[in-house]
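Beneath this line is the structure, given in structure tokens, with notes to follow.
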Amino acid sequence: MINIMIADDHVLLRQGLKQIIELEEDMKVVYQASDGEEAYNLAKNNSPDIILMDINMPNVNGIKAAKMIKSNDPKNKIMFLTIYNDKEYLMEALKIGVEGYILKDADSDELIKAIRIISNGGVYIHPSLIREIESLEKNECKKDLTDREFEILNLIAEGYSNKEIADRLFLSEKTVKNHVYNIFRKLDVKDRTQAAIYLLKNNNMYNMHT
């Protein structure tokens with residue numbers, strides 16, 4: 001069972017999300033918070049599997065709450081559910097180390113998919129923001145990555161698991177694992193979240209100079 005906390009100041013939205021999520025047999029909304037401070041206290045005392053959190057909340061906003069939650073226990077998995085499609089907010093979220101960023105105009109299937117990806121240790125970023133990342137394909141961000149490694153890096157940032165990448169690119173899962181190991185080594189990162197952050201940071205730098 002994936003135990004989920006929803007943090008949002010709109011009661012009707014929380015109730016609607018709860019109904020959607022609990023249509024899945026293996027998901028349950030166990031806690032609800034109306035602001036960032038309440039979310040922090042609930043996370044600190046209960047450690048839900050995934051925290052689904054708005055950014056714009058009273059008292060303590062989602063960004064600050066996420067920093068507090070991650071500082072207390074980096075293993076807490078957080079996904080922002082927000083109206084903000086600005087890359088600046090996404091960058092700030094990933095710097096904190098959150099595992100997901102999805103927009104409120106996403107459909108229910110995408111939300112459930114994102115929750116499953118994050119629950120399985122992946123990272124999920126809303127597709128409309130990923131498209132900006134993919135425009136990088138041939139610039140300095142590539143460093144000494146091969147074309148295949150850069151292709152896999154983009155898929156990692158989209159939240160695909162190694163098995164899903166293998167199926168998509170017609171490779172063995174072992175081959176994908178080897179590529180992922182080389183990507184992490186070349187970029188000097190430790191995990192998939194840091195790899196996604198690297199890609200976003202370099203995309204941001206590139207766009208500033210073009």
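Using cut-offs of 30° and 60° on the angle between ring planes, the pair Y89 and Y84 is parallel.
Side-chain contact check for E22 versus V29: some heavy-atom pair is nearer than 4.5 Å. Side-chain contact between M79 and I115 is present, with heavy atoms from C-beta onward closer than 4.5 Å. Residues V176 and L169 have side chains not in contact (no heavy-atom distance under 4.5 Å, counting atoms from C-beta outward).
The side-chain hydrogen bond (donor to acceptor under 3.5 Å, both in side chains) test applied to N61 returns no partner, not counting sequence neighbours. Every residue two or more places apart in sequence or in another chain that forms a side-chain hydrogen bond (donor to acceptor under 3.5 Å, both in side chains) with Y124 is listed here: E110. Listed by chain and number, the residues in a side-chain hydrogen bond (donor to acceptor under 3.5 Å, both in side chains) with D35 are N59 (sequence neighbours excluded). Applying the side chain to side chain contact (heavy atoms under 4.5 Å, CB included) test to D26 and every residue at least two apart in sequence or in another chain returns I2, E24, R116.
Annotation: salt bridge (charged side-chain N to carboxylate O under 4.0 Å, His left out) contacts involving residues 165-177, sequence neighbours excluded, comprise K163-D167. Applying the salt bridge (charged side-chain N to carboxylate O under 4.0 Å, His left out) rule to pairs touching residues 1-16 yields D8-K104, sequence neighbours excluded.
Side-chain contact annotation: N162 with R192, donor-acceptor N/O pair under 3.5 Å present.
The number of heavy atoms from other shown groups lying within 6.0 Å of CG (D107) is above 12.
A cation-pi contact, defined as under 6.0 Å to the ring centre and within 45° of the axis, links K113 to Y160.
Taking the charged nitrogens against the carboxylate oxygens, E92 and K67 do have a contact shorter than 4.0 Å, which makes a salt bridge. In summary, R185 and E149 do not engage in a salt bridge, as defined by a charged side-chain N under 4.0 Å from a carboxylate O.
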